[in-house]
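Reading through the structure tokens given below for one structure.
So you know, we letter chains A, B, ... as the sequences are listed, proteins then strands, and number each from 1. Both backbone and side-chain heavy atoms feed into the values below; hydrogens, waters and symmetry mates do not.
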Amino acid sequence: MKVVHIHDCFKGDDQAYIYIWLSKSHKVVYVGMTNGFTGTIGRANGHFIRKGQLRSRFEDLRGYSINKVDDLVLLSFALPKKKIYTSVEKSYREAIEYLVQKKLLIERGKLAPTFDVISWVRSSPRTSNSEIVNIANQISQLFIDNYATL
Amino acid sequence: MDIDLGIDPGRLLFGLSRIGYTTSSALCDIIDNSIRAEAKNVTIVIRKEKEEYSDTKKNNVREYLIIDNGLGMDEQQIQDALQLGSSDVDYEINSLSKFGLGLKSASFSQGDTLRIISSADGVTYFKYEVSLPKVIEAKRYFATKLDLNEDDRKTIDEYLSDSSGTIIAIGDIRKNNHPSVRNTIKELHTKAGVIYFYYIKDSGVSINIGQTAIKAIDPLFIDEANENGNLNENEWDGTVVQWIEKPQELTLDDESGIKAIIEITQLPYPPIFKIKSPNEGKDAAIREKYLIGAGNYGFYVYRNKRLISWASQLQGIIPYDQDYFAFRGRILINDTADDFFNIDVKKSSLTLSEEAWNTISDFSKEAKSKSKAAWLNAGKVVHDIINKNPNELANKLVDDFEQIDRLPGDQNLNEDELNNRLKSIKEDMEEKVIEFAKMLNDDLGGNIDVANLPDTPESKEKAIKGENNPSLSKIFRVSSVIDNLLWEPYYDTDLGPCVRINRHHRFARLIYENNSPNKDLQIIFDILLLQLAESELYAYKNIADESYEKLKSILTEYRRIVSEFLANLTRKLEDRLPPNYSSDSNI
């Protein structure tokens, strides 16, 4: 029996997330963002369908199917409940997503086991915004602080 | 059973000499040996074929001498150095050498004769010569031991008196489109200045061409970036060097922990100097000083503090696009990273491993985007100075325009209700100004908690307009709008009805960035949004059937929906919308 604790990360009405998929045994990290109605769990479907981004990026970079991975963890970070984060216009979310990926790229050498960041990086004109920088730093730090126990 | 296949050393040497050295890169490869031999003084002497001809004449070099006061070599060491694929036993950690081929391939790329004169003790000198034509003819790789002649002794006296050191002479220079002395000297000053930047600056190495010392050139000009701070791509006018990424250590390989240090600066935008200082030729001087040009943007990769790749695009990480001309990156590695930066024999190009490529590419995305945005912004500054900014033009066009007071059929509000509404609007707008100031502060990277109304007219103007600019009276393109909507109305008794347009909204970027050359479109878009904002303010002041609060709620929701629909439409149809639209699009 496999028990998956999804907490409330299926709730995406009026709630946006940054999320991180992690496999320690295959040493990959994938960072994404969503404002979808079904939260990060709902977004997962799109990543694992036949041409899903996470599936494709994993196979491109590792050379074998993600179906071989059996220790995937999904980490969900709820963004503040503000329209700038939940709107269809996604420049704020993209900026945080980018900064988290960048921080993990920098810090990965200090973590054990280390990993490749395999998500697709998009930059945004809002990466200098101090609120965004603070949120991205908090998310990255949470990830780093808890990495050993994940 | 093994069969000896033999080797033709003449053809091998000839082939090695044709792998693409320029004169300056060949000379620098030999300077590497001098630095490896702990030389503090390296002098390049260029001897002309015909002294009476000027330095601008091509095919007039007889001989290059590279003279250093390093450790020098005894007889056996000279013979070892002349071997093809000389042993790497003596290559210390951090050596600049790699294949044991540099001296021979670099020398024979320029001339047919290589001579080494060297002394390990400053007393006894040995001289050996390898002649490419003789090797080819004999089909045997060999060197000839020679006695010093008068000219050799003169050179030793002049440059090496009583000290150990080495003279490498490349003779019988090929007269086949060989560069002029002037061009070689000019290129050497630039190339060697950049290649040995760290050695000249930090290690006390002096490299000279004749009597003239080569100055260290930092291709990132980080001293200037330190003075000018971090790049704000939306504000940069192109006149100064700024940081895009301060030095950051990156792990290139998670298995072996191979690391690199990466740093990126933005160099000046030369055309701005043409506008700001007309007829002074400053733009050309700036191009020359900062090496702004097609072959000079990208990443400068230093291995053991010696440049191994000049302005590399790193296999597409930096696109071939002049919008990146001001992008200067530096990657510092040591020889442990060699397998991730496959370096060629002439140390002028490299091929990244897939993992290193991915890491550097991902890391650089924001920097690239900032550099390009800053370059385009500086272009816009120039364009605006020449042509007047379309936003200012739109403001000018509507500056003294007054919209209809009351539309036919609309009824007057009674005086009390009108006063109540004006009071509510005023209070709302004052709250908004606090929010504007906070958003602007955040956008500029400030961490101060802004909780009050800006306390001076200038700071209030900046909060509302996003800048202090008296030419903007009604239409303000700002970096943030409340709730990230496309536009919002603003009103006060001094400015009257105005609009704040979110220039980072996807639809606004389509108009202002993707269609930036289309000034008319921008003016019409600005005016359209002003009218939408003015209509909203009109409704607050004139529609009697609904309360102010209800009107505000409906119209704000309407703006939200329009903003979201336009963001979605732009994202989904981006490839089909102008300027990408074409008559053969699938429509």
So, the part of B:Glu249 with a heavy atom under 4.5 Å from chain A: the answer is backbone

With a 4.5 Å heavy-atom cut-off, do A:Leu61 and B:Glu354 have their side chains touching?
yes

Side chain, backbone, both or neither: which part of A:Phe115 has a non-hydrogen atom closer than 4.5 Å to chain B?
backbone

Would you find more than 12 non-hydrogen atoms of other residues, nucleotides or ligands less than 6.0 Å from A:Phe37 atom CZ?
no

What are the two closest non-hydrogen atoms of A:Tyr98 and B:Asp362, and how far apart are they?
OH-O, 3.7 Å

Which heavy atom of B:Gly446 sits nearest to which heavy atom of A:Ser130, and what is that distance?
O-OG, 2.6 Å

I'd like to know if A:Glu94 pairs up with B:Arg571 as an ion pair, taking the criterion as any Lys NZ or Arg NE/NH1/NH2 lying under 4.0 Å from an Asp or Glu carboxylate oxygen.
no

Based on non-hydrogen pairs under 4.5 Å, which of A:Val88, A:Thr114, A:Val133 is most in contact with chain B?
A:Val88

Hey, which of A:Gly109, A:Ser119, A:Pro125 has the most heavy atom pairs under 4.5 Å with chain B?
A:Pro125

Is it the backbone or the side chain of B:Ser361 that comes under 4.5 Å from a heavy atom of chain A, or both, or neither?
neither

Taking side chain as everything from C-beta outward and backbone as N, CA, C, O, which of these in B:Leu252 sits under 4.5 Å from a heavy atom of chain A? Side chain, backbone, both or neither.
backbone

Please look at B:Ser369 and chain A and tell me whether the side chain, the backbone, both or neither of the residue comes under 4.5 angstrom of a heavy atom of that chain.
side chain

Quick one: does any side-chain atom of A:Glu89 pair with a main-chain N or O of B:Arg506 as donor and acceptor, under 3.5 Å?
yes

Interchain contact, A:Leu99 with chain B, by part (heavy-atom threshold 4.5 Å):
side chain

Could you tell me which portion of B:Glu513 (side chain, backbone, both or neither) has an atom closer than 4.5 angstrom to a non-hydrogen atom of chain A?
neither

To the nearest 0.5 Å, atom OG1 of B:Thr251 lies from atom CG of A:Asp116 at 10.5 Å

Between atom NZ of B:Lys365 and atom OG1 of A:Thr127, what is the distance when rounded to the nearest 0.5 Å?
14.0 Å

Atom pair CG/CG of B:Asp442 and A:Asn134 - distance to nearest 0.5 Å
8.5 Å

Rounded at 0.5 Å granularity, tell me how far OG in A:Ser91 sits from CG in B:Asn484.
4.5 Å

Where does B:Lys368 contact chain A at under 4.5 Å (heavy atoms): side chain, backbone, both or neither?
neither

Take atom NZ in B:Lys259; do more than 12 heavy atoms of anything else shown fall under 6.0 Å from it?
yes

Identify which part of B:Asn502 has an atom lying under 4.5 Å from any heavy atom of chain A, answering side chain, backbone, both or neither.
side chain

From B:Ile482 CD1 over to A:Ile84 CD1, what is the distance, rounded to the nearest 0.5 angstrom?
11.0 Å

Let me confirm one number: the OG-CG distance from A:Ser128 to B:Asn230, rounded to the nearest 0.5 Å.
8.5 Å

Heaviest contributor of heavy-atom pairs below 4.5 Å to chain B, chosen from A:Lys82, A:Arg126, A:Glu131, A:Lys102, is A:Arg126

